[in-house]
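In what follows, a structure is listed as structure tokens, so that the remarks can point back to it.
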Amino acid sequence: MKIFKIELENYRQYRGKHIIELSTDVIRSLNVILGPNGAGKTNLLNAINWCLYGDEPSLEKTKPELQQCIANEKELQDKGRVVVRVSIWIGNEQPDYYFERSVCISRSSSGAIVEREKTWRAAHREGKNWKSYSGSDWRNMTPFNILVSHILPEGIRDFFFFDGERLDNFFRTGMEYEVKKAIMKVCQIELLDRCIDHLTSKSKELRKGIKGGTEIERINEEIETLTKSKKELEEKIEELYKRIEEAKKNKEEDEEKLRSYTRYDVQELQKERDILSSEVDKLDKKIEEKKREIKRHFISGIIYVLGFNALRKTYEIIDRRMKGIDRPPIPPDIKDKFLKDLLSRHRCICGTELIEGSPQWKAIQKLLNDVEPLSRISDDVTDGYYKIVNVLETAKKFKTEREKLEKEYRELIKDREEKSQRLKEISDRLKGVPVEEIQNLENLRNSFEDEIRKCIGERSQKELQLKTIEERIKSKNKELLKEIEKDRKQKKLLLKLELCSKSIEILKSIKERVARDVREKVELKTKEYFLSLHWKKGAFKEVKINDNYEISVISSLGTECLGTLSAGERQILALSFMAALSSVSGFEAPVIIDTPLGRISGEPKEKIAKSLPKYLQKSQLTLLITDQEYTPAVRDNMKERIGKEFELRYNEDEVTTEIIEIRGG
Amino acid sequence: MSNKRINPLIWDELERITDENVREFLRELLLFEREHISEDRPRYSEEYDRLIEKYSKKMKGETE
């Protein structure tokens, strides 16, 4: 999907009517809109958001006065009444969708802004004809919203229309949940969740309709109670995620204040704490891994632990018998093969001929009959003896390995305790600094840390409970189906329930696979883009997104360094992530980036200019860019992909911005 | 059935469902949800009833 045309009328600094027709060429799908600060780049992005979604998320929240009036001030001053209108044409090979939002703005006698005639129009192509909708109430514009959602649903627009300079917030501490939500939404896993939720509700309704025996009613009641508890638990877990995220952000903010505090000793203590905290985190992960390793090792050798004493006793008994202690040794190993050989050759080892049926022949046969069982027992005991010896050897190795693992575990725990102790000392020292502000910051930070710890513990507990409840619901559902099957009259209902249950199970497994697939693809692409965009070749070797959607950047030395990336590096990481997300997303929406290279300098800027359009080659890409960003070298690197270039020229006398197409078309 | 608005990763997974009846049922559900993705609480009940009725009738063992 591409934006073909945008028409602005009296929207902020765009006084009068202005039309911008973007390039929709497949190869040259990059549009560059160049303008100095204040010329109206961000407001162009705001206008698109305002038209499609009715708000302006890029507006600076610190300047509430800006939000009051979207009309061109000069026009309003001159005419007293202004119609503000934004229209957008979107489509694939030709415009297939049309959206328009307008409002009439005037000032009351007291000078307050009055908004009237809030109208909207939307249309889409159906074959050769257009089907259109319109209304005069922004609170009721369902057809408009549905058509917008065909292109880009509101919930995910931030990943397609965004401010490059604010992107790095995405990877600050505590944003793992946001990253997870982004991936889930952009890749449409939300659709699977919705289907599962709605089918679950329908199953509940269907079960209520079953008029079976008391057993069915009882199971139904149980399922209902369990489903209710499950819902409550899910809500609680969601709330805990949010609380953790909030506390992490607050803690990080307090630490940032301490990090940049004017007192040198405070700064140093905070820096030391940063390093120690990172080390403690790593140790926690190692401790968990070591615990798992010990568990795995224990399971693999449980047989040795359980059977050790019995095997040892058996070994001692056989050993004593084999050595002839206490009793005569086990009979010599007279091989039955030897006796059989004599009989088959009809000759004894002394040279005597052995005639079948002769006393000698019979004597050897008797010996063979007597010796066979004894020989087998002897063989088995000898084999068993050496096997026991081997098992006991392995058991010894197992014990040694277990002791080694336990020692390593104890060392990790000790190391962690020492670091925790030092962290406590740092905290005590900060609380001891005779400055009230620092003491307050430290106390607050510690309370946030306690909150995080408490919430994480609670969350793990709740997640465990949730898993148990889910298992119980599953088993109760099976029980219920069995019961219902007994009742032929409930056949129809049973089929519906079966359809729902089967579908829910399939959807859950699809969700699991798609989520894993998407996470792996985003991880792979983010890594590929980040490593190729970064200017320090070989400085990093890995970008990972783990099962909890925590992003980590691994340096060539193997250390985690997300927290120490510069603002420019974080911006590159965020751009890489966004491009990766776009490549696996389920939406073919245009991408608009405001100030994409704002925090990046020199050579890296040129590298990004060359690569970014390549990474987003399936999308129409529009860059809102300043002169400082758009150097000749940057332009040169992008020129093969540029379809059109525009310049925004602000005219101070007329209080308006003109949109001039400077190249392309 | 059109799939142009559903993520191919999801659509391909549906293709692999061997039970044709369930596969079509899930396709219709997903297209419905995609159409209402912009709504926080879409009115799904009637459409789900209709689809459950339609596809449960096609299930093996239906006597009607």
Side-chain angles (χ1 to χ4, degrees), chain A residues 1 53 92 142 144-156 185-199 201-203 205-206 485 488 491-500 502-507 509-515 517-518 521 584-588, chain B:
Chain A
M1 286 281 176
Y53 306 105
N92 278 314
T142 307
F144 185 103
N145 293 336
I146 287 177
L147 290 182
V148 169
S149 79
H150 285 180
I151 302 154
L152 192 58
E154 184 175 359
I156 60 152
K185 269 179 177 287
V186 173
C187 297
Q188 297 185 345
I189 288 164
E190 189 186 12
L191 293 180
L192 297 170
D193 278 334
R194 284 187 177 206
C195 283
I196 293 169
D197 280 354
H198 293 158
L199 279 174
S201 300
K202 280 289 148 197
S203 301
E205 273 177 34
L206 287 167
E485 206 159 16
R488 299 288 297 168
K491 185 74 176 165
K492 199 173 168 185
L493 222 44
L494 172 69
L495 286 172
K496 288 184 178 181
L497 253 179
E498 260 184 16
L499 176 66
C500 291
K502 196 172 178 184
S503 302
I504 290 171
E505 287 308 311
I506 291 175
L507 286 168
S509 65
I510 290 181
K511 181 187 163 187
E512 202 176 297
R513 282 196 298 276
V514 172
D517 203 12
V518 159
K521 282 192 163 83
V584 294
S585 104
F587 301 96
E588 294 171 357
Chain B
M1 199 177 287
S2 162
N3 69 342
K4 62 184 179 184
R5 294 192 201 111
I6 307 271
N7 191 337
L9 291 173
I10 296 176
W11 202 256
D12 291 349
E13 283 283 347
L14 291 186
E15 291 289 323
R16 291 193 197 114
I17 301 173
T18 47
D19 185 332
E20 194 185 337
N21 193 46
V22 176
R23 183 171 66 229
E24 288 307 312
F25 174 58
L26 292 181
R27 277 181 178 165
E28 287 212 46
L29 290 185
L30 273 168
L31 287 171
F32 168 82
E33 295 295 355
R34 175 64 183 87
E35 189 67 10
H36 295 84
I37 197 168
S38 61
E39 298 165 48
D40 281 342
R41 291 177 188 277
R43 292 171 65 140
Y44 69 92
S45 198
E46 280 177 21
E47 183 61 7
Y48 269 60
D49 283 343
R50 186 184 73 76
L51 292 172
I52 290 170
E53 182 73 31
K54 178 180 162 186
Y55 285 97
S56 66
K57 275 184 180 169
K58 292 181 187 171
M59 280 179 82
K60 201 178 163 187
E62 171 59 55
T63 49
E64 279 182 22

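Reminder, nothing fancy here: chain letters follow the sequence lines and each chain counts from 1.
- Although no hydrogens or angles enter the test, the distance criterion places a donor-acceptor pair under 3.5 Å between the side chain of Q188(A) and the main chain of N7(B).
- For the set R23(B), R16(B), H36(B), E35(B), the entry with the most heavy-atom pairs within less than 4.5 Å of chain A is E35(B).
- Taking the six-membered ring where the residue is Trp, Y44(B) and H198(A) present parallel rings, their angle staying beneath 30° rather than reaching 60°.
- Between atom CG of residue L26(B) and atom CG of residue L192(A) there is a gap of 9.5 Å, rounded to the nearest 0.5 Å.
- Between chain A and the options I10(B), L29(B), V22(B), heavy-atom pairs under 4.5 Å are most frequent for I10(B).
- If you measure heavy-atom distances from I506(A) to chain B, the contacts under 4.5 Å come from the side chain alone.
- By the 6.0 Å contact criterion, CD on E505(A) is enclosed, its count of non-hydrogen atoms from other residues, nucleotides or ligands being greater than 12.
- Of the residues considered (I52(B), L9(B), I17(B)), I52(B) shows the highest number of contacts with chain A, using heavy-atom pairs under 4.5 Å.
- Expressed to the nearest 0.5 Å, how far CD of E53(B) lies from NZ of K496(A) amounts to 3.5 Å.
- In this structure, no portion of D12(B) lies under 4.5 Å from any heavy atom of chain A.
- The greatest number of non-hydrogen atom pairs below 4.5 Å with chain B, out of E190(A), E205(A), E154(A), K502(A), is found for K502(A).
- Separation of atoms CD (E13(B)) and CG (L507(A)) is listed at 11.0 Å; rounding is to 0.5 Å.
- Of the two parts of N145(A), the backbone and the side chain both hold a non-hydrogen atom closer than 4.5 Å to a non-hydrogen atom of chain B.
- With a 4.5 angstrom heavy-atom cutoff, K511(A) does not touch chain B via any of its atoms.
- By the 6.0 Å contact criterion, CD on E20(B) is open, its count of non-hydrogen atoms from other residues, nucleotides or ligands being 12 or less.
- No donor-acceptor pair closer than 3.5 Å links the side chain of R194(A) to the backbone N or O of L30(B).
- Both the backbone and the side chain of I37(B) come within contact range of chain A, judged by heavy atoms closer than 4.5 Å.
- Once rounded to the nearest 0.5 Å, the distance linking CG of L191(A) with CZ of F32(B) reads 11.5 Å.
- Between atom OH of residue Y48(B) and atom OG of residue S203(A) there is a gap of 11.0 Å, rounded to the nearest 0.5 Å.
- For chain B, the nearby parts of L199(A) are the backbone and the side chain; heavy atoms of each come within less than 4.5 Å.
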One pair to check against side chain to side chain contact (heavy atoms under 4.5 Å, CB included): E39(B) and I146(A). What are the steps and the verdict? CA-CA 8 Å; E39(B) 298 165 48; I146(A) 287 177; 4.0 Å; yes
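- Here the CG atom belonging to L499(A) is positioned 12.0 Å from the NZ atom belonging to K54(B), to the nearest 0.5 angstrom.
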